[in-house]
Amino acid sequence: MEKVIAKIDDMHCEHCQHIVEDALEATNGVQYANVTLEKDEVVIEFDEHKLQIAEISDAVANAGYDVRLYTVVEK
(Lines give C-alpha, C1' and ligand atoms only; values in the text may rest on other atoms or scores of the structure.)
Protein backbone atom coordinates (compact mmCIF):
# COMPACT_ATOMS: atom_id res chain seq x y z
CA MET A 1 0.00 0.00 0.00
CA GLU A 2 1.08 3.52 -0.80
CA LYS A 3 0.01 6.60 1.15
CA VAL A 4 -0.07 10.15 -0.22
CA ILE A 5 -1.32 13.51 0.94
CA ALA A 6 -2.97 15.54 -1.81
CA LYS A 7 -3.67 19.27 -1.62
CA ILE A 8 -7.11 19.94 -3.12
CA ASP A 9 -8.36 23.31 -4.41
CA ASP A 10 -11.82 24.77 -3.76
CA MET A 11 -13.11 22.57 -0.92
CA HIS A 12 -15.16 24.81 1.37
CA CYS A 13 -17.56 22.68 3.41
CA GLU A 14 -18.51 19.22 4.64
CA HIS A 15 -20.43 18.63 1.42
CA CYS A 16 -17.20 19.15 -0.55
CA GLN A 17 -15.41 16.84 1.87
CA HIS A 18 -17.92 14.03 1.29
CA ILE A 19 -17.87 14.46 -2.49
CA VAL A 20 -14.07 14.08 -2.61
CA GLU A 21 -13.97 11.19 -0.13
CA ASP A 22 -16.80 9.34 -1.89
CA ALA A 23 -15.21 9.81 -5.32
CA LEU A 24 -11.89 8.47 -4.11
CA GLU A 25 -13.32 5.57 -2.12
CA ALA A 26 -15.34 4.51 -5.20
CA THR A 27 -12.09 4.28 -7.18
CA ASN A 28 -10.79 0.73 -7.54
CA GLY A 29 -7.58 0.41 -5.53
CA VAL A 30 -8.27 3.15 -2.98
CA GLN A 31 -8.41 1.70 0.52
CA TYR A 32 -8.88 4.92 2.46
CA ALA A 33 -9.50 8.62 1.86
CA ASN A 34 -9.80 11.21 4.63
CA VAL A 35 -10.25 14.93 3.93
CA THR A 36 -9.11 17.63 6.36
CA LEU A 37 -10.90 20.82 5.30
CA GLU A 38 -8.77 23.12 7.46
CA LYS A 39 -5.65 22.02 5.58
CA ASP A 40 -7.30 21.64 2.13
CA GLU A 41 -5.90 18.14 1.90
CA VAL A 42 -6.84 14.50 1.70
CA VAL A 43 -4.84 11.51 2.92
CA ILE A 44 -5.18 8.62 0.48
CA GLU A 45 -4.06 5.06 1.01
CA PHE A 46 -4.12 2.96 -2.15
CA ASP A 47 -2.79 -0.17 -3.81
CA GLU A 48 -0.08 1.06 -6.17
CA HIS A 49 -0.41 -2.19 -8.17
CA LYS A 50 -4.04 -1.40 -9.05
CA LEU A 51 -3.96 2.38 -9.30
CA GLN A 52 -1.69 5.17 -10.51
CA ILE A 53 -1.50 8.73 -9.14
CA ALA A 54 -2.96 10.03 -12.43
CA GLU A 55 -6.10 7.98 -11.83
CA ILE A 56 -6.46 9.52 -8.39
CA SER A 57 -6.21 12.97 -9.96
CA ASP A 58 -8.84 11.95 -12.53
CA ALA A 59 -11.24 10.80 -9.80
CA VAL A 60 -10.85 14.11 -7.96
CA ALA A 61 -11.25 16.08 -11.21
CA ASN A 62 -14.38 14.13 -12.13
CA ALA A 63 -15.79 15.14 -8.74
CA GLY A 64 -15.19 18.79 -9.66
CA TYR A 65 -11.97 19.57 -7.80
CA ASP A 66 -8.29 19.91 -8.68
CA VAL A 67 -5.27 18.33 -7.05
CA ARG A 68 -2.54 20.89 -6.55
CA LEU A 69 0.25 18.80 -4.99
CA TYR A 70 1.04 15.26 -3.85
CA THR A 71 3.32 14.35 -0.97
CA VAL A 72 4.28 10.70 -0.51
CA VAL A 73 4.10 9.54 3.09
CA GLU A 74 7.10 7.38 3.90
CA LYS A 75 6.39 3.92 5.28
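Count residues from 1 along the sequence.
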Discussion item. Under a 4.0 Å threshold between the charged nitrogen and the carboxylate oxygen, would Asp40 count as salt-bridged to Lys7?
Written reply: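 So Lys7 does not pair with Asp40 through a salt bridge.
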
Min side-chain heavy-atom separation [X]-[Y] under 4.5 Å:
X     : Y     : value
Ile56 : Leu51 : yes
Met1  : Gln31 : yes
Ile44 : Val30 : yes
Val60 : Asp66 : no

Fill in: Contact list for residues 12-30, test salt bridge (charged side-chain N to carboxylate O under 4.0 Å, His left out), sequence neighbours left out
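Those involving residues 12-30 do not exist here.
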
Fill in: For Thr71, side-chain hydrogen bond (donor to acceptor under 3.5 Å, both in side chains) partners two or more places apart
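side-chain hydrogen bond (donor to acceptor under 3.5 Å, both in side chains) list for Thr71, sorted by chain: empty.
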
Item to complete: With sequence neighbours excluded, tell me which residues meet side-chain hydrogen bond (donor to acceptor under 3.5 Å, both in side chains) with Lys39.
Response: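 Applying side-chain hydrogen bond (donor to acceptor under 3.5 Å, both in side chains) to Lys39 gives none.
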
Practice prompt. Nearest 0.5 Å please: distance from the OH atom of Tyr70 over to the CD1 atom of Ile5.
Written response: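 So the gap between those two atoms works out to 12.5 Å.
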
Worksheet item: Hey, what do you get for CD (Glu41) to CD1 (Ile8), rounding to the nearest 0.5 Å?
Response: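 Rounded to the nearest 0.5 Å, the CD-CD1 separation comes out at 9.5 Å.
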
Worksheet item: For Glu2, does its backbone N or O pair with a side-chain atom of Glu48 as donor and acceptor, under 3.5 Å?
Response: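 Indeed, once roles are kept as given, a pair shorter than 3.5 Å links the two residues.
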
Worksheet item: When clusters are formed by joining ILVMFWY residues with side-chain heavy atoms under 4.5 Å apart, either directly or through shared neighbours, do Val72 and Val43 land in the same one?
Response: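 Result: no, two separate clusters.
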
Discussion item. Hydrophobic cluster membership, with links at side-chain heavy-atom distances under 4.5 Å among I/L/V/M/F/W/Y: are Val73 and Tyr32 in one?
Written reply: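 They do share one cluster, since a chain of ILVMFWY contacts under 4.5 Å joins Val73 to Tyr32.
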
Run the side-chain contact (heavy atoms from CB on, under 4.5 Å) test against [X] and tell me which residues pass, sequence neighbours left out.
X     : answer
Ala59 : Leu24, Thr27
Ala61 : none
Gln52 : Glu55

Practice prompt. Specify the closest pair of heavy atoms between Cys16 and Asp10, including all atoms of both residues, with the distance to one decimal.
Written response: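 For Cys16 versus Asp10, the nearest heavy atoms are SG-O, 4.2 Å.
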
Item to complete: Can you see which heavy atom on Tyr65 is nearest to which on Asp9, and at what distance?
Response: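 What the structure gives for the nearest pair is CD2-O, 3.5 Å.
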
Item to complete: Assess whether side chain to side chain contact (heavy atoms under 4.5 Å, CB included) is satisfied between Val42 and Thr36, documenting all intermediate values.
Response: CA-CA 6 Å; Val42 59; Thr36 303; over 6 Å; no

